[in-house]
Amino acid sequence: MTDETTDPESNENVRAAIHMDAMAFGMGCCCLQITFQAKDVDESRFMYDQLAVLAPIMMALTASTPILRGRIADTDARWGIISESVDDRTLAERGRKDPNAPREELAGRGQRRIYKSRYDSISTYIYQGAGEELLMSDRKGGGLNMTSGLANRVLNMYNDIPVHIDEESYQQLRDAGVDPALAQHVAHLFIRDPLVVFDGAVEEVDDETQTEHWESIQSTNWQTVRWKPPPPRNSPNDPHIGWRTEFRSMEIQMTDFENAAFTAFIVLLTRVILAFDLNLYIPLSRVDANMQRAHSRNAAAKGKFFFRRHLAPLEEGDDGFGVRYTSMFSRAVNGDSTTTSSTPIRVNGNTGKEIEEEEDGSGVSLQRKTAPCAPGSDENNAYEEMTMAEIMTGKGDYFPGLIPLVQVYLDYINCDSITRKRLSLYLDFVEKRATGQLVTPATWIRDFVRSHPSYKGDSVVPDDIAYDLIKASQDIGLGKLHVPELLGDVRIDPVTTEGAYEVKLDSKRAQNERILELLGRYQKRKAFAPNIHKGAGI
């Protein structure tokens, strides 16, 4: 690292930093991405919102990118680097004076204010919830009487950051019957120009039957989660691909075990959220704050993140002095899980029990449908700063922790013992990483470099350190080197080419002598001996 210097070619001051002059420095990074199949469009949108809250948490927990262009950085994660590497906003779009504006060839003439890179955290939640549906229905008996303002409350309570849209696209979607939340999301994507076009796939594309033009915009807006509509089926023989949500923030790990552990964990979390009707919503400004914190050195062990205090509606009781609202989880923590509150919480005229038990024809509860509209008291929708350990293992008697909820879900589905044994190994590993008993790959890499005999304490990673680091990382991944601070007691089975099936299936006729030779070899195996002695044929 150096002080501010002058670039001889541009005669401009260059600030002290790690200068990377190619897109590949960002897009060359590896990651761990998972796409989930949803049962319908609403479930895919709901999971999009919930996973967006988890994105910075899981990025911090899997951080593995502390070195950039031969320098140790003051960050542990890749996201910001990729964000900068593909940030094609004009000066005007960044909010600065642009002598070349307007630019007629660009979307918005290149001067619409855009607050984020096209590779960034999400800018808007997309699950509309029950707002418009309840507006269209006549609910008798003083139930959830949602006004037009409350119906779209998700757009101005949790969606509390600027989100510019392409007005023409938005109006076209609204005229076609798309609800405000989804119309805003799609119209926000269209404030940018496509980056990639293919020869023969511009004017030749039929927008009535094909989605290439949509995908050229969708696929070059890289966010922490991506909502993926199904591609069209042009014939009955085409594969049926449903509504999907892609989780994109996690960093790649050194071993297959670690990658499998985090994959299994996030998959199970989606099932927990859906099966237990949990609500993770917090304002997007706090999600963005978490994203910044997740880049910090050793954020998993030392950082704090904003997280929702109550994942389920509060219950109403009497503490002797008046009404008291408590978490339903506190009954389990305090050993009173079999009792029920005398007076369930009321949300806009409905009791919590009524909201929980009322379902539509597809089995979706009203509790989930009203989640983005922030029903209930301020405490019901409150959030606070939590450590990674608290988020994963619990805090007080009101927040049970994500890992215990996963364990409860496995009990709920009566998970078989063999699968449970493997999942328990994964969950134990995730918990130890969250509590700091095990370090992230980023921390291990940083410590490796700093303890190397050739390191001079100047942030520079010379060739010999880089070679030793890559060799050690490879040996860890192949199971040749065990590092307790990374994996604890878990031993990675050696990964070798021995026994690998690398030949093509062959139908060329075999000679009889060769067949008999091979059969004779198998007859000598112990596993075949009992059958041979019993006179069993082959």
Side-chain angles (χ1 to χ4, degrees), residues 20 22-36 44-45 47-60 62-65 68 75-90 93-94 106-108 112-126 159 161-166 169 182 184-198 211-231 243-252 262-263 266 284 287-292 294-295:
M20 293 173 282
M23 177 182 176
F25 280 112
M27 281 303 192
C29 293
C30 298
C31 59
L32 178 62
Q33 298 175 347
I34 307 169
T35 298
F36 300 94
S44 69
R45 293 169 63 181
M47 287 313 307
Y48 176 97
D49 291 358
Q50 306 305 302
L51 289 172
V53 177
L54 291 170
I57 309 301
M58 297 307 298
M59 188 178 78
T62 57
S64 59
T65 318
L68 303 164
T75 55
D76 273 3
R78 79 198 187 285
W79 196 272
I81 303 305
I82 311 176
S83 179
E84 292 184 35
S85 75
V86 296
D87 191 353
D88 61 346
R89 290 175 296 167
T90 66
E93 289 171 339
R94 297 169 187 259
L106 299 181
R112 179 195 286 119
R113 183 72 172 94
I114 301 178
Y115 288 88
K116 293 183 178 182
S117 165
R118 65 196 306 149
Y119 198 114
D120 217 311
S121 54
I122 72 166
S123 294
T124 176
Y125 290 121
I126 68 172
N159 284 342
I161 60 176
V163 50
H164 286 287
I165 61 174
D166 181 74
S169 299
L182 187 56
Q184 177 174 264
H185 165 70
V186 175
H188 176 61
L189 299 181
F190 277 87
I191 65 176
R192 306 182 194 273
D193 290 287
L195 287 185
V196 180
V197 292
F198 295 97
T211 57
E212 275 84 350
H213 289 158
W214 152 256
E215 291 296 343
S216 71
I217 294 289
Q218 159 92 331
S219 62
T220 54
N221 277 271
W222 299 279
Q223 298 177 325
T224 47
V225 286
R226 177 179 285 160
W227 181 68
K228 305 175 77 169
W243 301 89
R244 296 149 295 152
T245 302
E246 182 183 20
F247 189 65
R248 301 170 43 81
S249 68
M250 292 192 292
E251 307 227 316
I252 199 74
F262 286 112
T263 298
I266 199 68
L284 276 178
V287 176
D288 281 353
N290 284 346
M291 202 67 188
Q292 294 300 318
H295 284 80

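Numbers here are sequence positions counted from 1. Worth saying up front: this structure is predicted, and the values here are computed from it rather than measured.
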Are the side chains of K228 and Q218 in touch, meaning some heavy atoms are under 4.5 Å apart?
yes
Does any N or O in the side chain of R94 come within less than 3.5 Å of the main-chain N or O of R89, such that one atom is a donor and the other an acceptor?
yes
Checking T224 against M59 for the side chain to side chain contact (heavy atoms under 4.5 Å, CB included) test, could you report, in this order, the C-alpha distance in whole Å, the side-chain angles of both residues, the deciding distance, and whether it holds?
CA-CA 10 Å; T224 47; M59 188 178 78; over 6 Å; no
Closer than 3.5 angstrom, by distance alone: can the side chain of H295 be matched with the main-chain N or O of G80 as a donor-acceptor pair?
yes
Rounded distance [0.5 Å steps], OG1 in T35 versus CZ in R226
9.0 Å
Nearest heavy-atom neighbours spanning P56 and A294
O-CB, 3.3 Å
With the side chain counted from C-beta on, respond yes when N159 and Q184 share a heavy-atom pair under 4.5 Å apart, and no when they do not.
yes
Distance-only, no hydrogens or angles: does the S216 side chain make a donor-acceptor pair with backbone N or O of V196 under 3.5 Å?
no
Indicate the atoms forming the closest heavy-atom contact of L51 with F247, along with that distance.
O-CE1, 3.3 Å
Worked verdict on L68 versus I81 for side chain to side chain contact (heavy atoms under 4.5 Å, CB included)
CA-CA 9 Å; L68 303 164; I81 303 305; 3.5 Å; yes
Do T90 and L106 touch side chain to side chain, with heavy atoms closer than 4.5 Å?
yes
Would you say D193's side chain and A107's backbone share a donor-acceptor pair under 3.5 angstrom?
yes
May I ask you to test the M47-V225 pair for a side-chain heavy-atom distance under 4.5 Å?
no
Quick one: closest heavy-atom pair of G26 and I82, and the distance?
O-CG1, 3.2 Å
Look up atom OG1 in T62 and atom CG in D76, then write down how far apart they are to the nearest 0.5 Å.
10.5 Å
Can you tell if the side chain of I217 reaches within under 4.5 Å of the side chain of R192, non-hydrogen atoms only?
no
Identify the two heavy atoms, one from K116 and one from S123, that lie closest to each other, and give their separation to 0.1 Å.
CD-OG, 3.6 Å
Verify, without hydrogens or angle tests, whether R244 (side chain) and F36 (backbone) share a donor-acceptor contact under 3.5 angstrom.
no
Between M250 and C31, the two heavy atoms sitting closest are O-CB, 3.5 Å
Using every non-hydrogen atom in the two residues, find where H188 and H164 come nearest and quote the distance to one decimal.
ND1-O, 2.7 Å
Would the distance check show the side chain of R118 and the main-chain N or O of T220 forming a donor-acceptor pair, the cut-off being under 3.5 Å?
yes
So, applying side-chain contact (heavy atoms from CB on, under 4.5 Å) with W79, which one of Q292, E251, M291 is it?
M291
Does some side-chain heavy atom of W227 sit less than 4.5 Å from a side-chain heavy atom of I122?
no
Test side chain to side chain contact (heavy atoms under 4.5 Å, CB included) applied to Y125 and Y48, step by step
CA-CA 8 Å; Y125 290 121; Y48 176 97; 5.7 Å; no
Flag the pair I161 / Y115 as yes when at least one side-chain heavy-atom distance between them is below 4.5 Å, and no otherwise.
no
Reported CG-to-CD1 distance for the pair D49 and I126, which is rounded to 0.5 angstrom:
6.0 Å
Are the side chains of V186 and W214 in touch, meaning some heavy atoms are under 4.5 Å apart?
yes
Can you tell me if S83 uses its side chain to pair, donor with acceptor, with the backbone of Y119 under 3.5 Å?
yes
Roughly how far, to the nearest 0.5 Å, is the CZ atom of R78 from the SG atom of C30?
9.5 Å
Distance col, row Q50:CD vs T245:OG1, nearest 0.5 angstrom, shows 11.0 Å
Would you confirm whether S117, through its side chain, and D120, through its main-chain N or O, come within 3.5 Å as a donor-acceptor pair?
no
